[in-house]
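All ligand and atom numbering here is 1-based and tracks the order in the structure. Keep in mind that the numbers below use all heavy atoms, side chains included, and drop hydrogens, waters and symmetry copies. Residue indices begin at 1 and follow the sequence shown.
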Amino acid sequence: MFDAVEFEQEATAALREQLDGPAVIALSGGVDSTVAAVLAHKAAPTALTAVFVDTGYMRKDESARIRAMLEPLGMQLRIVDAAARFYAQLAGVTDPEVKRKRIGATFIEVFAAVAAEIDAKVLVQGTIAPDWIESGGGLRDTIKSHHNVGGLPADLGRLRLVEPLRDLYKDEVRTLARHLKLPNAERQPFPGPGLAIRVLGEATPKRTATVREAVAIVEEEFEAAAGRKEMELPWQYFAALLPVRTVGVHGDLRAYGEVIVVRAVQSLDGMTAAYSKIPHSVLERISIRITNSLRHDVNRVVFDVTNKPPGTIEWE
Ligand code: XMP
């Protein structure tokens, strides 16, 4: 049985030793990196600069949300707008593994620049056990190179990597987040490469804006329906943009538009998952909203009924 009190004590004691000078903390706004940051901040409050890189592949209003969550904790926070740099790196890229590796490498470059500025020696990351197991740690094949593991260049330069949550599973991180009273303890997971792996094919700024709006609609509608007790909130729920076009009608005219897939799963730790049985009334509202607000781009919405395995949770 996971003991959050004991883990916090042991992790902060270890971090106190490891954070022996200025450090940068990689923040995504998700529960993993926030917990890692809070533990590191407790262990060495003056040493730390929390860095949030806006890659251009973040969810709607994410920078403002991060600021509102972390500033009250007294954490030193730096928000870096690196969208143009990430878009340039992903121009013309369609292979999911190449996307992950480029994003991982660009992340490190951006961190390294901030770290050099504050003379940091250490980079803290919120890596958890499924990240490195699925990246081919242990005895398994590489299923996906999770960007905060497989995407790292072999040479981290002058930065030493510290990963306080390396041996934890998601449910344990959430228990810890509740114990630390973090506002995002129940927030669903969000992948490190962000919306780039929810745009199948090239993740251009325009296609990313499309999926960002669809993801926001799915989140809003599911959370509202769960609030009205029409359904239970799934473990993870989002939209992805497919690399196909289909024929539809827009007014009286033929439309040739893109396809959004809605994905919702139940899971304990992300290692296996069952697709969520969502009420049709909720799916219909989502479909209508997406095809209304994105009417110039999207004319079809589908729902994914695949478990993991054989599917994965994300489409890339
Ligand atoms: P999959 O798609 O592998 O997802 O079934 C399992 C869980 O991991 C998240 N995920 C990632 N997280 N970097 C991350 O930090 C990644 O590259 C990545 N790929 C998937 C996914 O959202 C799900 O919660």
Using a strict 4.0 Å threshold on nitrogen-to-oxygen distance, state whether R263 and D304 make a salt bridge.
->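 Salt bridge present between R263 and D304.
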Could you tell me which atoms of ligand 1, counted from 1 in the order shown, lie closer than 4.0 angstrom to a heavy atom of [X]?
X: K308; result: 1 (P), 3 (O), 5 (O), 6 (C)
X: P193; result: 13 (N), 16 (C), 17 (O)
X: G270; result: 6 (C)
X: T312; result: 1 (P), 2 (O), 5 (O)

Looking only at distance, does [X] have an N or O less than 3.5 Å from an N or O of ligand 1?
X: W235; value: no
X: E314; value: yes
X: G192; value: yes

Compile the donor-acceptor pairs under 3.5 Å between side chains in residues 33-46 and protein atoms, sequence neighbours left out, one pair per line.
{"from": "S33", "atom 1": "OG", "to": "S28", "atom 2": "N", "distance (Å)": "2.8"}
{"from": "S33", "atom 1": "OG", "to": "S28", "atom 2": "OG", "distance (Å)": "3.1"}
{"from": "T34", "atom 1": "OG1", "to": "G30", "atom 2": "O", "distance (Å)": "2.5"}
{"from": "T34", "atom 1": "OG1", "to": "N184", "atom 2": "ND2", "distance (Å)": "3.1"}
{"from": "H41", "atom 1": "NE2", "to": "L73", "atom 2": "O", "distance (Å)": "3.4"}
{"from": "K42", "atom 1": "NZ", "to": "E8", "atom 2": "OE2", "distance (Å)": "3.0"}

Just let me know how P189 lines up against ligand 1, side chain, backbone, both or neither, with a heavy-atom cut-off below 4.0 Å.
->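 Near ligand 1, P189 shows its side chain, while the N, CA, C and O stay back.
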Please work out whether any backbone atom (N, CA, C, O) or any side-chain heavy atom from C-beta onward of M271 is under 4.0 Å from ligand 1, and answer side chain, backbone, both or neither.
->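 None of M271 does.
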How long is the span from the CG atom in N299 to the OG1 atom in T291, to the nearest 0.5 Å?
->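 The CG atom of N299 sits 8.5 Å away from the OG1 atom of T291.
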Going from OG1 on T12 to CD on E10, what distance comes out if it is rounded to the nearest 0.5 angstrom?
->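 Between atom OG1 of T12 and atom CD of E10 there are 9.0 Å.
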Sequence neighbours excluded - salt bridge (charged side-chain N to carboxylate O under 4.0 Å, His left out) pairs with any residue from residues 14-31 =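 The answer is D20-R160.
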Are the aromatic rings of F86 and Y57 close, with centres under 6.0 Å apart?
->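 Ring centroids of F86 and Y57 are no less than 6.0 Å from each other.
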Hphob cluster co-occupancy, V93 + V199, side-chain heavy atoms under 4.5 angstrom =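 Different clusters: V93 never reaches V199 through Ile, Leu, Val, Met, Phe, Trp or Tyr contacts under 4.5 Å.
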